[in-house]
Amino acid sequence: MELEVTHYTKIIKGYTILEDINLSLTSGHIYGFSGRNGAGKSMLFKAITGIILPTKGDVILDHKSIIYDDIDLRIFGTLIEHPEFYDNLSGFDNLMLLYRINHQPDTILIKQQLKKFGLEGHEYKKYKTYSLGMRQRLRLAQAMMENQKIIVLDEAFNGIDKEGVQDLYEILKEEREKGKLILISSHNEKDLEICDQIFYMSQGKLIENQGMFI
Ligand SMILES: Nc1ncnc2c1ncn2[C@@H]1O[C@H](COP(=O)(O)OP(=O)(O)OP(=O)(O)O)[C@@H](O)[C@H]1O
């Protein structure tokens with residue numbers, strides 16, 4: 001798949017939040033986006049996944065506009081900002097509830113997903129008892145549980161411990177092998193060492209494009 005962002009500009013109340021962004025991304029790669037707080041990373045991810053609409057420009061997926069053409073946006077597995085879960089339900093029940101929106105219930109898959117993201121032994125504990133890192137692991141598990149072709153993870157590593165970061169790298173490498181198109185952001189460049197290409201954002205602009213494909 002090819003995902004192209006063309007001259008994407010977003011102006012909110014007179015402020016230019018994204019300025020003339022141009023990107024060309026292909027499946028089978030991991031792309032990293034770095035930049036300081038407020039640089040526009042979350043907004044760019046919202047733009048790419050069709051959550052916000054442009055003031056100008058477009059997002060094209062395999063020659064079709066995700067804004068103006070009829071595209072099923074469930075192609076994106078997303079973790080953007082802090083999607084929340086039901087406090088009084090377990091991690092397992094929260095995932096199952098969301099999974100059932102589009103699929104037949106699949107207990108084995110949900111259990112496997114929780115294990116993959118390091119939540120084995122905590123599946124049936126209420127979400128409100130989860131630590132910060134466990135909450136983030138559940139968000140990541142949810143973002144990737146439907147085998148989506150494009151994975152978009154904003155501040156993917158928030159609250160995750162060292163081992164968790166390594167586990168997440170392995171999961172993302174596997175997804176890349178499967179031909180997924182993966183976008184991750186972090187304000188910490190070190191987190192992005194796994195990426196094939198890193199983009200830097202500043203004040204709504206893509207200011208630098210460093211790193212080569214491996
Ligand atoms: N709903 C909104 N209305 C107006 N401005 C907004 C809105 N949401 C975000 N912004 C502004 O857009 C800019 C980019 O915000 P964004 O959340 O994309 O930054 P970020 O790079 O993800 O930062 P962080 O690392 O802190 O999450 C900021 O200046 C922010 O104040």
Side-chain angles (χ1 to χ4, degrees), residues 30 32-33 37-38 41-53 66 71-188 191-192 194:
I30 304 175
F33 293 81
N37 294 137
K41 304 178 296 296
S42 304
M43 276 292 176
L44 177 62
F45 281 7
K46 286 183 193 172
I48 286 173
T49 53
I51 295 172
I52 58 164
L53 297 175
I66 69 148
I71 288 191
D72 186 352
L73 294 178
R74 284 175 298 185
I75 195 162
F76 294 105
T78 59
L79 164 50
I80 298 179
E81 290 177 342
H82 294 135
E84 272 309 329
F85 296 104
Y86 287 109
D87 266 343
N88 281 316
L89 292 184
S90 65
F92 177 89
D93 286 339
N94 267 297
L95 288 201
M96 187 59 99
L97 197 68
L98 292 166
Y99 189 77
R100 288 176 65 164
I101 295 171
N102 293 317
H103 311 272
Q104 289 297 316
D106 188 337
T107 302
I108 294 171
L109 183 140
I110 300 297
K111 272 193 178 174
Q112 278 174 349
Q113 191 71 356
L114 288 161
K115 185 177 176 191
K116 194 169 171 180
F117 285 86
L119 291 169
E120 198 177 23
H122 303 288
E123 303 94 320
Y124 302 114
K125 291 182 184 162
K126 286 186 177 176
Y127 178 70
K128 67 180 172 194
T129 69
Y130 277 22
S131 70
L132 211 66
M134 285 160 69
R135 287 171 188 233
Q136 183 73 352
R137 285 165 185 262
L138 192 68
R139 294 185 195 115
L140 290 161
Q142 193 265 322
M144 289 188 250
M145 73 180 171
E146 293 175 77
N147 199 23
Q148 294 95 331
K149 290 187 178 153
I150 305 175
I151 299 166
V152 180
L153 306 174
D154 188 23
E155 293 293 350
F157 304 93
N158 263 1
I160 302 270
D161 54 31
K162 255 191 201 170
E163 291 75 18
V165 170
Q166 290 309 317
D167 292 346
L168 183 54
Y169 283 167
E170 290 311 312
I171 292 168
L172 293 175
K173 281 182 196 167
E174 259 176 49
E175 296 295 317
R176 173 170 58 188
E177 284 296 303
K178 287 187 210 159
K180 304 285 180 73
L181 171 49
I182 302 164
L183 286 74
I184 51 178
S185 80
S186 177
H187 55 273
N188 185 358
D191 290 337
L192 301 176
I194 189 189

A.B. asks: Is any side-chain heavy atom of I171 less than 4.5 Å from a side-chain heavy atom of F117?
C.D. replies: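 The answer is yes; the side chains approach within 4.5 Å.
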A.B. asks: Hey, what do you get for CD1 (I160) to CG (D167), rounding to the nearest 0.5 Å?
C.D. replies: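 Output value for this atom pair is 9.0 Å.
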A.B. asks: Any non-hydrogen side-chain atom of K180 less than 4.5 Å from a side-chain atom of E174?
C.D. replies: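 Of all side-chain heavy-atom pairs linking E174 with K180, none is under 4.5 Å.
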A.B. asks: Once you round to the nearest 0.5 Å, how far does CD1 of I80 lie from OG1 of T49?
C.D. replies: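 Separation between the atoms: 3.5 Å.
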A.B. asks: Taking the side chain from Y130 and the backbone from R137, do they hold a donor-acceptor pair closer than 3.5 Å?
C.D. replies: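 Not at all, since once roles are kept as given, no pair shorter than 3.5 Å links the two residues.
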A.B. asks: For a quick test of reading the model, state the closest non-hydrogen atom pair linking A156 to L140 and the distance between them.
C.D. replies: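 So the minimum-distance heavy-atom pair works out to O-CD1, 3.7 Å.
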A.B. asks: Do I48 and I150 make a side-chain contact, defined as non-hydrogen atoms from C-beta onward lying under 4.5 Å apart?
C.D. replies: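 In short, these two side chains do not touch, never coming nearer than 4.5 Å.
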A.B. asks: First locate atom CG of L153, then atom CG of N158, and finally report the distance between them rounded to the nearest 0.5 Å.
C.D. replies: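 The distance works out to 11.5 Å.
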A.B. asks: Among residues two or more places apart or on two chains, list those pairs meeting salt bridge (charged side-chain N to carboxylate O under 4.0 Å, His left out) that have a residue in residues 113-135.
C.D. replies: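 Listed once each, the pairs are K116-E175.
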A.B. asks: Is it true that atom CD of E84 has more than 12 heavy atoms of other residues, nucleotides or ligands lying nearer than 6.0 Å?
C.D. replies: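 Counting other residues, nucleotides and ligands, CD of E84 exceeds 12 neighbours.
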A.B. asks: Tell me, please, which residues at least two apart from F33 pass ring-ring contact (aromatic ring centres under 6.0 Å, His included).
C.D. replies: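 Expected list: F45, F199.
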A.B. asks: Let me confirm one number: the CD1-NE2 distance from I110 to H103, rounded to the nearest 0.5 Å.
C.D. replies: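 Taking CD1 in I110 and NE2 in H103, the distance rounds to 8.5 Å.
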A.B. asks: Taking the side chain as every heavy atom from C-beta outward, state whether H122 and L114 have any atom pair closer than 4.5 Å.
C.D. replies: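 No - every pair of side-chain heavy atoms lies 4.5 Å or more apart.
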A.B. asks: Parallel, tilted or perpendicular: which one describes the rings of F92 and Y124, with boundaries at 30° and 60°?
C.D. replies: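 It falls in the tilted class, 30° to 60°.
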A.B. asks: Looking at I66 and G50, what are the two nearest heavy atoms and their distance?
C.D. replies: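 Looking at all heavy atoms of both residues, the shortest contact is CD1-N, 3.4 Å.
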A.B. asks: Rounded to the nearest 0.5 Å, how far does CG of N37 lie from CD of E155?
C.D. replies: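 Result: 7.5 Å between the selected atoms.
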A.B. asks: Measure across D154 and S185 and return the closest heavy-atom pair with its distance rounded to 0.1 Å.
C.D. replies: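 That closest heavy-atom pairing would be OD1-OG, 2.6 Å.
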A.B. asks: Does the side chain of Q113 reach to within under 4.5 Å of the side chain of D106, using non-hydrogen atoms?
C.D. replies: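 Not touching, per the 4.5 Å side-chain cut-off.
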A.B. asks: State the CD-CZ distance between Q142 and F85, to the nearest 0.5 angstrom.
C.D. replies: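 Those atoms lie 5.0 Å apart.
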A.B. asks: Under a 3.5 Å threshold, yes or no: a donor from one side chain and an acceptor from the other, between Q136 and R139?
C.D. replies: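 Yes, a side-chain donor-acceptor pair sits under 3.5 Å.
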